Amino acid sequence: MAGIDQAVAILRDGGLVAFPTETVYGLGADASNPQAVAKIFAAKGRPVDHPVIVHVADAAQLAQWAREVPPAVYRLAQQFWPGPLTLILRRAAHVSDFVTGGQDSVGLRVPAHPLALQLLKAFGGGIAAPSANRFGRISPTTAQHVRDELGNSVDMVLDGGACQVGIESTIVDLSGDAPALLRPGKISAAELETVLGMPLAAPQKYSPRVSGSLASHYAPHTPMRLLATDALLVEAQRRLMQGQRVAVLLLSRSAVLHGATLVHAPDDALAYAHDLYANLRSLDAARCDILLVEVPPQTQEWLAVNDRLKRAAADRCGEEET
Ligand code: TXA
Ligand code: MG
């Protein structure tokens, strides 16, 4: 395919290619080329000590990037790859500090999107790729989002339509004494525990840096607040009466609210996640004074969505890792 051939040529030449995955769009560079990986940080405006995930075509490549691959890792890979799961393993000696953020670990993932897999197979090596957004902002789930975020700083955007999952992969740290969940995602802790045969530890205090774990992340420009249904309706009315412009993300079962810029999101957690970043982007684009979001249920199936909403709404001053 012409698009893939061109993308491979750009990667081999040290350029940047944004590509679709089933979670969000990634901003890719040749993971074995430190100058190319450095361009990712420049394009995103991201601190250089934050590690990036290396995407590979299949689990057979694990041993090229990790110096130890415990049997449990192959079980997870067999069960969940290609898919929305990132495994943090002890890095092989050759892996660049730009990829690992100077840590002793490397994040690895086989994405499930057909275009991503075609690209990885044709390229042959690992593709380092964070989400293709400016640092701290909303992850892109369409090719147009990537163009809006990064403009000319990316050499090519492969368009694979809207991402199916819509929020970033689940991250499990297998580089320490006990497996730990670093970022919740579509693949739940319970599913991972079944395959691991042991409970996941809470992230350790000195767990490796995960920029998605910063208190403020995935954030729109409009100040955002998370409120329960009744409190949200009261707050929205109060602000509307003051003449403010109010954007609202409601669950579909909820009331209509006249005078606000309104989006009704699906009641189902997976469908909500699929639409989440596109909904936040379109409400942000309305340039209102405030963005009010109705808090979804506090159940396990909504864990990853609630995690992203909490960080999107977090105070941008005094950023702190949580
Ligand atoms: O779904 C996803 O994971 C998407 C798609 C493009 O694959 N990628 C993504 O990348 O969300 P990014 O960089 O936006 O978030 C990956 C997270 C970061 O917070 C990074 O710090 C963490 O993974 N990470 C990567 N390598 C790591 C490592 N060696 N140790 C700890 N955390 C790591
Ligand atoms: Mg990101």
Side-chain angles (χ1 to χ4, degrees), residues 17-29 31 37 40-41 43-56 65-67 80-92 95-113 115-117 119-120 126-141 145-146 149-150 158 160 163-176 180-187 203-204 206-219 273 277 304 307-308 311-312 321-322:
V17 174
F19 62 96
T21 81
E22 79 282 30
T23 59
V24 300
Y25 275 71
L27 178 60
V37 178
I40 294 176
F41 291 85
K44 277 185 67 99
R46 187 189 214 199
V48 288
D49 63 348
H50 285 240
V52 288
I53 297 170
V54 177
H55 297 72
V56 292
W65 295 93
R67 69 170 178 273
F80 298 112
W81 281 355
L85 177 66
T86 297
L87 303 174
I88 309 293
L89 304 175
R90 288 174 204 241
R91 70 153 148 180
V95 186
S96 122
D97 279 343
F98 272 113
V99 166
T100 68
Q103 303 175 97
D104 193 34
S105 60
V106 60
L108 294 159
R109 171 164 122 79
V110 179
H113 195 289
L115 268 187
L117 285 170
L119 177 66
L120 285 162
I127 300 180
S131 51
N133 50 281
R134 302 275 308 160
F135 180 65
R137 297 294 166 196
I138 304 168
S139 299
T141 53
H145 294 166
V146 179
E149 283 279 323
L150 299 173
L158 280 173
C163 301
Q164 193 207 332
V165 176
I167 56 172
E168 305 77 0
S169 59
T170 306
I171 303 184
V172 188
D173 183 6
L174 295 145
S175 69
L181 185 70
L182 297 190
R183 181 172 71 183
K186 182 181 180 217
I187 296 174
Q204 293 140 19
Y206 297 105
S207 63
R209 272 177 293 271
V210 178
S211 37
S213 78
L214 293 170
S216 170
H217 214 71
Y218 315 114
Y277 291 146
D307 169 77
R308 303 310 191 276
R311 295 179 203 287
E321 286 200 53
T322 53

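Positions are given from 1, in the same order as the sequence printed here. Note that ligands are numbered from 1 as they come in the structure, with each ligand's atoms numbered from 1 the same way. Remember, it's a predicted structure, so these values are computed and weren't measured experimentally.
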(message) Using modelled atom types and a 3.5 Å cut-off, is there a donor and acceptor pairing between side-chain atoms of Arg67 and backbone atoms of Arg91?
(response) yes

(message) Donor-acceptor check, side chain of Tyr25 to backbone of Gly160, threshold 3.5 angstrom: yes or no?
(response) yes

(request) State whether the shortest distance between N or O atoms of Ser169 and N or O atoms of ligand 1 falls below 3.5 angstrom. (result) yes

(request) Output yes if Ser131 passes the N/O/S-under-2.8 Å test against the Mg ion (ligand 2); output no otherwise. (result) yes

(message) Regarding ligand 1, does Tyr25 bring an N or O atom to under 3.5 Å of one of the ligand's N or O atoms?
(response) no

(request) Consider ligand 1: state whether an atom of it lies below 4.0 angstrom from any non-hydrogen atom of Arg91. (result) no

(request) Using only heavy-atom distances, determine whether the side chains of Ser169 and Thr86 contain a donor-acceptor pair under 3.5 Å. (result) yes

(request) Mark up the atoms of ligand 1 that fall under 4.0 Å of a heavy atom belonging to His55, in ascending order. (result) 5 (C), 6 (C), 7 (O)

(request) Would you give the length of the straight line joining atom CZ of Phe80 to atom CD1 of Ile187, rounded to the nearest 0.5 angstrom? (result) 5.5 Å

(request) Give the numbers and elements of all ligand 1 atoms closer than 4.0 Å to a heavy atom of Val106. (result) 29 (N)

(request) Using a strict 4.0 Å cut-off to heavy atoms of Thr23, name the atoms of ligand 1 that fall inside it. (result) 1 (O), 2 (C), 4 (C), 5 (C)

(request) With heavy atoms of Gly26 as the reference, note each atom of ligand 1 found under 4.0 Å away. (result) 6 (C)

(message) With a cutoff of 4.0 Å, is Val52 in contact with ligand 1, counting heavy atoms of the residue only?
(response) yes

(message) Would Glu168 count as being in polar contact with ligand 1, using the rule that some N or O on each side must be under 3.5 angstrom apart?
(response) no

(message) Tell me which one of Val52, Leu150, Asn133 satisfies side-chain contact (heavy atoms from CB on, under 4.5 Å) with Leu27.
(response) Leu150

(request) Return yes when His50 approaches ligand 1 closer than 4.0 angstrom through a heavy atom, no otherwise. (result) no

(request) Check ligand 1 against Val24 and write out every atom of the ligand that is under 4.0 Å from a heavy-atom position of the residue. (result) 4 (C), 6 (C)

(message) Just to be sure I read this right, does ligand 1 sit under 4.0 Å from the backbone of Asp173, its side chain, both, or neither, counting only heavy atoms?
(response) neither

(request) Using heavy-atom distances, let me know which of Pro51, Ser131, Pro111 sits nearest atom 20 (C) of ligand 1. (result) Pro51

(request) Name all residues meeting the salt bridge (charged side-chain N to carboxylate O under 4.0 Å, His left out) criterion together with Arg134; count only those two or more places apart in sequence or in a different chain, and write none if there are none. (result) none

(request) Below 4.0 angstrom from a heavy atom of Pro130, which ligand 1 atoms are there? Numbered from 1 as shown, please. (result) 10 (O), 12 (P), 13 (O)

(request) Find all atoms of ligand 1 within a distance of less than 4.0 Å from any non-hydrogen atom belonging to Ser105, and give their numbers and elements. (result) 28 (C), 29 (N), 30 (N)

(request) Using the test ring-ring contact (aromatic ring centres under 6.0 Å, His included), find all partners of Phe19 that sit at least two apart in sequence or belong to another chain. (result) His55

(request) Spell out, as yes or no, whether a donor-acceptor pair under 3.5 Å connects the side chain of Ser96 to the backbone of Phe98. (result) yes

(message) Out of all atoms in ligand 1, which are within 4.0 Å of some heavy atom of Arg46? Include the element for each.
(response) 12 (P), 13 (O), 18 (C)

(request) May I ask you to say whether Arg109 pairs ionically with Glu168, meaning some side-chain N is under 4.0 Å from a carboxylate O? (result) no

(message) When you compare ligand 1 with Thr21, is there at least one nitrogen or oxygen pair between them that comes in under 3.5 angstrom?
(response) no

(request) Supply the atom-to-atom distance Gln164 CD to Thr21 OG1, rounded to the nearest 0.5 angstrom. (result) 10.0 Å

(request) State whether the side chain of Arg46 and the backbone N or O of Phe41 hold a donor-acceptor pair below 3.5 Å, judged by distance alone. (result) no

